[in-house]
Amino acid sequence: MPRGSLVRQDVLNAIAEFDASGREAFLERYGFNGARDYFLIHEGRRYDSKAIAAVANKWAAGGGGQALTALELSGGRTDAAKRLRELGFEVTEPTGAATSSSGGHLDRAWSRFLKNVAAVQKGAPFSNFDEGVAAAWEGYKPRLRTRALEILAPESWTPEMIGTGQILQRAIDAVEIQEDRINLTNNLVFWQNRYGHANREHRGLLEAMGRPGSRRDVEQALFGLYNGDDEARLFSELSDLLGPRYPLLAYFYFLKDMDRFMPIQPTGFDQAFRELGIDLVTLRNCRWDNYLRFNAAIGLVRDDLTSIRGISGVRLVDAHSYCWLLVKLPEAGSTGSAVDPGRVLGARAKAIVNMRLSIERTVAQANGQTVLRVVKNKDLLLDSRALEKLLEQRLEMQENRCALTGIPFDFAGTDPSLLPSPDRIDSSGHYAEGNIQVVCRFVNFWKSATENDEFLRLLDLIRHVE
């Protein structure tokens, strides 16, 4: 590398600028294409090694305060990657993750994924990870993380709690999540006692509760993890204390930072990596360096989904879900199961169907019918398909917010009061186009038969109470 002589801090400065700018803006600003083979791994995140090395030159002694251009260095092992490794950074090899040589694998996997999704969705094509089978099967993970963090509440921990069992009990409760009321179960960690205590992945947590020394050590490590201590060292410590249980350790790192760390079930992901042409094995490899490579591989899949497949807004967790669905979806045309998967819906689409069913039930009960005749019914002037389309249009027009309060809807039902609910603008009128709005469930309950204008007047009075 010409010009400046890099030291480790120069690279850390470039990494900080990358994080502040975002990958696309950073690469565009300095005129670099995205890396394909060599990625710098730092604190679980992936960085384009050539661009980072070039920009680090701004801070290097003799660098003149200017980044190198793309023509002034190469990204391969003999230049940027080599220098970064000499400074103590980890840089992936082409055989360590998905690379250009695996393009055929990636294309074949994507084609099979699209075919299997369409088969499960009865012909409906894949659109994004927020709808359809992807949302129905995998959309629980961010919700689970939110709920687990509510239970764990690491922001409330104090050093005085270490050794008391309070942190440990919260950790156990954050694993043992099964809340049928909100349709949420933690299946990222095998914790149920179905096949004996020895097979529970969090048994180390349970056993530490009765051992004061172990309890203190585990709580000290967990406290450090959520308070910025050395993540690599703590991974090894927790592995020694709780056993090398990849799903459990990865789960706590996932709770810490969903932008950097993903959960892991080794057998399933190893199968997905083979199909994607990624040379990575996680089974019986519960180590920090292996976990970094796992997250880097998921990051490469995310980049492929974004840049090659053209899907916008792909998160690390979406790429994680794609890998899982790749091996878990039934094969298109398979006769292995006689069960009809039916119409698989995401949370928003499911809410629309539920609202349509609610209107049809209301109309049927109001008219004393046992069989609903939709088109001819005097109170419902739309058939089912037209009604669903109208409700979807209303949601889009309202930007997925309550028509009367502006509160965002909770389509997943984590807070049932914020589920969308169909309401007649004129309570004495029919369910017809022009007389249907969508409000929060609690608003519909409060409004009851009150006229729209009167209810808005009352809401306005409440807003201006001092």
Side-chain angles (χ1 to χ4, degrees), residues 15 18-27 34-36 39-49 52 90 92 96-99 102 106 109-110 113 126 128-131 134-135 137-149 186-189 225-226 231-232 235 246-247 249-266 268-273 275-278 280 282 288-328 346:
I15 288 173
F18 184 109
D19 289 337
S21 302
R23 184 182 187 227
E24 290 184 10
F26 184 86
L27 296 177
R36 293 188 303 179
F39 288 88
L40 184 155
I41 307 298
H42 179 65
E43 294 185 348
R45 296 185 178 181
R46 269 180 341 113
Y47 300 87
D48 305 79
S49 62
I52 288 292
E90 178 184 357
T92 63
T99 70
S102 65
L106 295 171
W110 179 246
F113 172 76
F126 172 81
N128 57 66
F129 289 96
D130 294 323
E131 292 292 337
W137 285 27
E138 294 289 287
Y140 72 93
K141 286 183 290 192
R143 288 198 301 122
L144 174 65
R145 178 176 179 269
T146 297
R147 180 64 184 126
L149 285 174
N186 181 11
N187 60 8
L188 299 177
V189 179
L225 176 61
Y226 292 97
E231 293 168 335
F235 191 94
Y246 231 151
L249 300 187
Y251 179 68
F252 284 121
Y253 278 76
F254 169 63
L255 296 187
K256 177 179 180 177
D257 190 344
M258 193 174 73
D259 293 329
R260 298 166 54 208
F261 302 119
M262 284 290 106
I264 183 170
Q265 287 289 346
F269 279 93
D270 286 0
Q271 183 180 346
F273 290 155
E275 183 160 349
L276 291 165
I278 297 174
L280 177 63
T282 62
W288 177 246
D289 62 329
N290 187 266
Y291 187 47
L292 289 181
R293 286 195 288 272
F294 168 78
N295 288 296
I298 300 295
L300 285 174
V301 174
R302 176 192 57 196
D303 292 346
D304 176 72
L305 293 172
T306 301
S307 60
I308 306 300
R309 315 304 162 188
I311 306 170
S312 60
V314 180
R315 302 165 298 173
L316 198 63
V317 71
D318 297 323
H320 183 272
S321 295
Y322 167 67
C323 292
W324 189 251
L325 290 169
L326 198 59
V327 298
K328 294 300 179 180

Find out whether Tyr253 and Asn295 are in side-chain contact, i.e. whether some heavy atom of one side chain is under 4.5 Å from a heavy atom of the other.
-> no
Taking atom CZ of Arg293 and atom CD1 of Ile278, what is their separation to the nearest 0.5 Å?
-> 13.0 Å
All heavy atoms of Val189 vs all of Pro247, minimum pair found to be CG2-O, 3.8 Å
Give the C-alpha distance, both sets of side-chain angles, the deciding distance and a yes or no for side chain to side chain contact (heavy atoms under 4.5 Å, CB included) between Phe294 and Asp270.
-> CA-CA 10 Å; Phe294 168 78; Asp270 286 0; over 6 Å; no
In terms of ring plane angle, is the pair Phe269 and His320 parallel, tilted or perpendicular, where the classes change at 30° and 60°?
-> tilted
Would you please classify the geometry between the Tyr322 ring and the Trp110 ring as parallel, tilted or perpendicular, with 30° and 60° separating the classes?
-> tilted
Test item: Arg302 side-chain N/O and Arg315 main-chain N/O as donor-acceptor pair under 3.5 Å | no
Minimum heavy-atom distance Leu255-Ala148, with the two atoms named = CD2-CB, 3.7 Å
When rounded to the nearest 0.5 Å, the distance separating OG of Ser321 from CH2 of Trp137 is 12.0 Å
Would Tyr246 and Asn290 satisfy side chain to side chain contact (heavy atoms under 4.5 Å, CB included), going step by step from the backbone distance to the final call?
-> CA-CA 10 Å; Tyr246 231 151; Asn290 187 266; 2.8 Å; yes
Criterion side chain to side chain contact (heavy atoms under 4.5 Å, CB included) on Phe26 and Ile52, from CA distance to verdict | CA-CA 9 Å; Phe26 184 86; Ile52 288 292; 4.2 Å; yes
Evaluation steps, side chain to side chain contact (heavy atoms under 4.5 Å, CB included), between Leu305 and Asp318 = CA-CA 9 Å; Leu305 293 172; Asp318 297 323; 5.7 Å; no
Might you point out which heavy atoms bring Lys256 and Leu225 nearest each other, and give the distance in Å?
-> NZ-O, 2.9 Å
Does the pair Glu138/Lys328 count as a salt bridge with the N-to-O cut at 4.0 Å?
-> no
Find out whether Leu144 and Leu188 are in side-chain contact, i.e. whether some heavy atom of one side chain is under 4.5 Å from a heavy atom of the other.
-> yes
For Ala297 and Leu280 the tightest heavy-atom approach is CB-CD2, 4.1 Å
Find out whether Phe18 and Arg45 are in side-chain contact, i.e. whether some heavy atom of one side chain is under 4.5 Å from a heavy atom of the other.
-> no
How far does CG of Asp48 sit from CZ of Arg23, to the nearest 0.5 angstrom?
-> 4.0 Å
To the nearest 0.5 angstrom, please state how far the CG atom of Leu326 sits from the CZ atom of Phe273.
-> 11.0 Å
Heavy-atom closest pair (Leu276 atom, Ala109 atom, distance to 0.1 Å) is CD2-CB, 3.7 Å
What heavy-atom pair brings Met262 and Tyr291 nearest, and what distance separates the two atoms?
-> O-OH, 2.8 Å
Roughly how far, to the nearest 0.5 Å, is CZ of Phe113 from CG of Leu106?
-> 13.5 Å
Looking at Ile41, Leu316, Leu292, which hits side-chain contact (heavy atoms from CB on, under 4.5 Å) with Arg46?
-> Ile41
Is the Phe126 ring parallel, tilted or perpendicular to the Phe129 ring (thresholds 30°, 60°)?
-> perpendicular
Gap between atom CG of Asp257 and atom OH of Tyr226 - 0.5 Å precision | 10.5 Å
